[in-house]
Colleague: 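A single structure is presented below for examination.
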Amino acid sequence: AGPGRRGVSASGVSPAEPLPEIVRCSDCAGPLAATADGLDCGGCRKRFPIHDGIPWLYRDVEGSHAQWAAKLQLFRQELLGEVEELETAAAESDLLPATRERLARQKAGLEHLGEQIFALLAPFGFSHGEAGGALPRDRIPSRQHVTSYLETVFRDWCWGEAEIAQMLELVRPHLPRGDAPGHALVLGGGAGRFAWELAHEVPFASVLQLDLNPLLTRIGREVASGETVELTELPRFPQGLDHVAVDQHLARPTATSAAPIAPLHYLLGDAFAPPLAPESLSLLATPWFVDIVPEDFGGLARRLGHWLAPGGRWLSFGPLSFESQAPEDRLTPEEMGQALEAAGFAVEHTALCRVDYLHSPHAMGRRGEEVFLFVATRGDAVAEALPFDFYPEWMIDGRQPIPALELFDGLRAERTFDVEILKCIDGRASIEDIVVMLSSRYGLERGRCRNTVNRFFSRFFEEEAPGGRA
């Protein structure tokens with residue numbers, strides 16, 4: 001059966017089940033009251049919609065919805081482009097029979113996946129007309145796409161039981177126990193398996209998951225509610241023709257038949273405008289999260305510390321890549337511990353662990369990851385969180401003048417050379433001809449011009465025309 005609405009199920013996930021009172025307005029932290037079509041804030045009177053049982057709790061409701069509509073529109077364009085590329089490749093006359101078969105299977109699988117994704121996102125009502133509005137106050141990272149981390153849904157709900165067991169073995173000793181463990185939040189839980197496991201492990205007052213991505217969140221909620229979701233897996237490096245496009249059935253593990261011992265809720269929203277009451281959590285879990293947010297870890301620790309009640313526990317595990325951070329913010333485990341203490345936490349436990357990562361039975365890849373696990377307890381007071389703005393004010397308010405930043409000067413010079421190089425490509429000019437032209441026109445040394453031209457064409461063939469088929 002495909003995704004659909006249902007009544008109360010044994011999963012503990014239901015559109016009719018009330019949210020715990022710790023879920024608040026993400027703009028003013030006021031209490032929320034359920035209505036026929038959403039949640040109304042008793043403080044600022046803002047209304048938050050509920051899409052097929054999933055509260056949309058972004059602070060900028062319309063702006064965030066428009067941005068996800070634009071991302072879905074981009075996915076549609078890229079999907080059509082990939083399908084056309086596969087059709088063009090399959091039209092070559094000198095292909096091996098197996099190659100022609102692989103391309104046909106890839107095309108059919110890609111088209112099927114597109115249909116499935118559009119159907120899963122239909123309840124959110126994304127429209128072509130709303131895309132392209134002003135930037136929302138709650139920034140959704142430009143690198144976060146509709147299908148980002150899509151492979152994790154197969155790990156969570158299809159073939160990843162061994163990896164899930166590894167994760168649980170690491171975290172189970174550090175989960176709170178007792179008669180009244182309070183509320184738990186999984187921040188950035190994606191396809192939702194970890195939150196589902198927490199709801200079966202500990203009798204929390206509630207288990208909440210907060211994530212940015214509507215596709216992952218809806219898949220997670222559907223499966224956790226007892227539905228089976230059909231989704232096509234397209235491994236990047238398939239093991240053979242029968243593994244190129246695999247029709248998967250995502251479902252809860254049959255080994256766990258008991259009902260959860262804690263209510264489970266999947267929410268959409270942003271960590272930088274949290275829909276939570278301050279100091280309301282007894283457990284905060286951040287799986288594979290702290291190194292991908294735009295704020296440095298010290299600032300993030302201060303921010304998240306205000307969500308936890310005094311004595312509350314922060315459980316985090318994942319790699320420490322920090323690829324988007326400045327050099328001084330790419331922290332080691334030792335620096336992480338110091339940053340936690342500076343923010344007002346007491347570090348209880350740390351460990352480096354080797355785990356399997358996305359070992360699909362249909363893919364050639366077999367990755368392993370070194371992950372850092374820490375458990376920290378919030379003290380009586382935490383350091384004040386610093387303001388963090390994703391965009392400068394002149395980007396949010398399109399009427400303000402754009403400052404003349406040095407960065408723009410550098411980009412202007414770089415793009416000027418790109419345009420000049422493109423203008424020289426007429427089917428007759430060589431790379432050396434272009435180097436001579438640029439050197440003469442701009443009075444630059446030829447070696448520098450040659451490096452610039454080489455970088456341009458290298459970038460083109462690596463990013464725009466992989467494989468040299470241009």
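Everything quoted here is computed from the prediction, not taken from an experiment.
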Colleague: Give the intermediate values and the outcome of side-chain hydrogen bond (donor to acceptor under 3.5 Å, both in side chains) for residues Glu335 and Thr332.
Modeller: CA-CA 5 Å; Glu335 294 169 279; Thr332 62; 2.9 Å; yes
Colleague: Decide yes or no on salt bridge (Lys or Arg N to Asp or Glu O under 4.0 Å) for Glu161 and Arg193, but give the supporting numbers first.
Modeller: CA-CA 10 Å; Glu161 290 306 305; Arg193 177 65 182 271; 2.8 Å; yes
Colleague: If only atom types and distance count, is the side chain of Asn213 paired as donor or acceptor with the main-chain N or O of His145 below 3.5 Å?
Modeller: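 Checking the backbone N and O of His145 against the side chain of Asn213, a donor-acceptor pair under 3.5 Å is found.
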Colleague: Which label fits Phe126 and Phe124: parallel for a plane angle under 30°, tilted from 30 to 60°, or perpendicular past 60°?
Modeller: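 Judged by the thresholds at 30° and 60°, the geometry between Phe126 and Phe124 is parallel.
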Colleague: Taking everything shown except Glu87 itself, do over 12 heavy atoms lie less than 6.0 Å from its CD?
Modeller: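 More than 12 heavy atoms, drawn from other residues, nucleotides or ligands, come within 6.0 Å of this atom.
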Colleague: Does the pair Gln209 and Arg221 meet the rule for a side-chain contact (heavy atoms from CB on, under 4.5 Å), with working shown?
Modeller: CA-CA 10 Å; Gln209 175 178 297; Arg221 188 184 182 283; over 6 Å; no
Colleague: Are there over 12 heavy-atom neighbours, none belonging to Asp380, within less than 6.0 Å of that residue's CG?
Modeller: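 No, CG of Asp380 has 12 or fewer neighbouring heavy atoms, counting only those of other groups under 6.0 Å.
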Colleague: Of all the heavy-atom pairs spanning Cys41 and Gly30, show the shortest one and how long it is.
Modeller: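 Where Cys41 meets Gly30 most closely, the heavy atoms are SG-CA, 4.0 Å.
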Colleague: Relative to the ring of Trp157, is the ring of Trp196 parallel (under 30°), tilted (30 to 60°) or perpendicular (over 60°)?
Modeller: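 Ring orientation, 0 to 90° scale: perpendicular.
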Colleague: Indicate yes or no for a side-chain donor-acceptor contact from Arg105 to the backbone of Leu241 under 3.5 Å, with no hydrogens or angles considered.
Modeller: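 Here the side-chain-to-backbone pair exists.
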Colleague: Can you list every pair that meets salt bridge (Lys or Arg N to Asp or Glu O under 4.0 Å) and has a residue in residues 294-310, with sequence neighbours left out?
Modeller: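 Applying salt bridge (Lys or Arg N to Asp or Glu O under 4.0 Å) to every pair that reaches into residues 294-310, excluding sequence neighbours, yields Glu295-Arg303.
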Colleague: With distance as the sole test, does Lys46 use its side chain to make a donor-acceptor pair with the main-chain N or O of Cys28 at under 3.5 Å?
Modeller: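 Here the side-chain-to-backbone pair does not exist.
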Colleague: List the steps and the verdict of salt bridge (Lys or Arg N to Asp or Glu O under 4.0 Å) for Arg378 and Glu279.
Modeller: CA-CA 10 Å; Arg378 203 205 102 154; Glu279 299 188 338; 3.0 Å; yes
Colleague: Judged by modelled atom types alone, do Ser64 and Gln67 share a side-chain donor-acceptor pair under 3.5 Å?
Modeller: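 The criterion, which ignores hydrogens and geometry beyond distance, is not satisfied for Gln67 and Ser64.
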Colleague: Using only atom types and a distance under 3.5 Å, with no angle test, would you say the side chain of Tyr266 pairs donor to acceptor with the backbone of Gly192?
Modeller: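 Side chain of Tyr266 to backbone of Gly192, a donor-acceptor pair under 3.5 Å: yes, one is there.
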Colleague: Give a yes-or-no answer on whether the side chains of Tyr58 and Trp68 include a donor-acceptor pair shorter than 3.5 Å.
Modeller: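 Trp68 and Tyr58 do have a side-chain donor-acceptor pair below 3.5 Å.
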Colleague: Where is the tightest heavy-atom contact between Val290 and Ser316, given as atom of each residue plus distance?
Modeller: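 It is CG1-OG, 3.7 Å.
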Colleague: Start with the C-alpha gap between Phe194 and Trp288, add the side-chain angles, then the distance that decides, and say whether ring pair (Phe, Tyr, Trp, His ring centres under 6.0 Å) holds.
Modeller: CA-CA 11 Å; Phe194 185 59; Trp288 299 71; over 10 Å; no
Colleague: Apply side-chain contact (heavy atoms from CB on, under 4.5 Å) to residues His112 and Asp247 and explain how you reach the verdict.
Modeller: CA-CA 9 Å; His112 194 200; Asp247 293 329; 3.6 Å; yes
Colleague: Go through the steps to decide whether Asp356 and Arg366 satisfy the test salt bridge (Lys or Arg N to Asp or Glu O under 4.0 Å), and finish with yes or no.
Modeller: CA-CA 8 Å; Asp356 296 333; Arg366 286 291 184 271; over 6 Å; no
Colleague: State whether the number of non-hydrogen atoms from other residues, nucleotides or ligands found under 6.0 Å of Arg76 atom CZ is greater than 12.
Modeller: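 At most 12 heavy atoms, drawn from other residues, nucleotides or ligands, come within 6.0 Å of this atom.
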Colleague: Using modelled atom types and a 3.5 Å cut-off, is there a donor and acceptor pairing between side-chain atoms of Arg313 and backbone atoms of His174?
Modeller: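 Here the side-chain-to-backbone pair exists.
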Colleague: Does Ala245 offer a backbone N or O that forms a donor-acceptor pair with the side chain of Thr232 under 3.5 Å?
Modeller: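 Looks like no, no N/O pair under 3.5 Å.
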Colleague: Is there a side-chain contact (heavy atoms from CB on, under 4.5 Å) between Asp156 and Ile219? Walk through the geometry before answering.
Modeller: CA-CA 10 Å; Asp156 279 11; Ile219 291 173; over 6 Å; no
Colleague: Is a side-chain N or O of Thr152 found less than 3.5 angstrom from the main chain of Arg155, in a donor-acceptor match?
Modeller: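 Here the side-chain-to-backbone pair does not exist.
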Colleague: Nearest 0.5 Å please: distance from the OG atom of Ser148 over to the CG atom of Leu216.
Modeller: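 Spacing of OG (Ser148) from CG (Leu216) equals 8.0 Å.
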Colleague: If you measure only the distance, is there a donor-acceptor pair under 3.5 Å linking the side chains of Ser360 and Glu151?
Modeller: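 No pair is found: no donor N or O on one side chain lies under 3.5 Å from an acceptor on the other.
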Colleague: Which heavy atom in Asp270 sits nearest to a heavy atom in Pro275, and how many Å separate them?
Modeller: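 Closest pair (atom of Asp270, atom of Pro275, distance): O-CD, 4.4 Å.
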Colleague: Could you pull out the closest heavy-atom pair between Asp211 and Gly189, with the gap in Å?
Modeller: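 Closest heavy-atom pair between Asp211 and Gly189: OD2-N, 3.3 Å.
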Colleague: Any idea how His243 and His362 line up, ring-wise: parallel (<30°), tilted (30 to 60°), or perpendicular (>60°)?
Modeller: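 Tilted.
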Colleague: Verify, without hydrogens or angle tests, whether Glu163 (side chain) and Leu358 (backbone) share a donor-acceptor contact under 3.5 angstrom.
Modeller: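 Yes; at least one donor-acceptor contact below 3.5 Å.
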Colleague: Any chance the side chains of Glu227 and Ser225 put a donor and an acceptor closer than 3.5 Å?
Modeller: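 Absent: no donor and acceptor within the cut-off.
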Colleague: Please give me the minimum heavy-atom distance between Val207 and Ala262, naming the atom from each residue.
Modeller: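 Closest approach of Val207 to Ala262: CG2-CB, 4.0 Å.
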Colleague: Could you tell me whether the side chain of Asp40 and the main chain of Ala33 form a donor-acceptor pair under 3.5 Å?
Modeller: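 Not at all, since once roles are kept as given, no pair shorter than 3.5 Å links the two residues.
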Colleague: Which atom pair, heavy atoms only, marks the closest approach of Ala271 to Phe289?
Modeller: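 Heavy atoms of Ala271 and Phe289 come nearest at CB-CZ, 4.3 Å.
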Colleague: Assign the ring pair His65 / His51 to parallel, tilted or perpendicular, where the plane angle (0 to 90°) is split at 30° and 60°.
Modeller: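 Rings of His65 and His51: tilted, 30 to 60°.
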Colleague: Show the numbers, then the answer: is there a side-chain contact (heavy atoms from CB on, under 4.5 Å) between Arg177 and Glu201?
Modeller: CA-CA 9 Å; Arg177 303 296 177 178; Glu201 284 280 338; 3.6 Å; yes
Colleague: Checking the side chain of Ser282 only, and the main-chain atoms of Pro181 only, is there a donor and an acceptor separated by less than 3.5 Å?
Modeller: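 Yes; judged by distance alone, with no hydrogens or angles, the pair exists.
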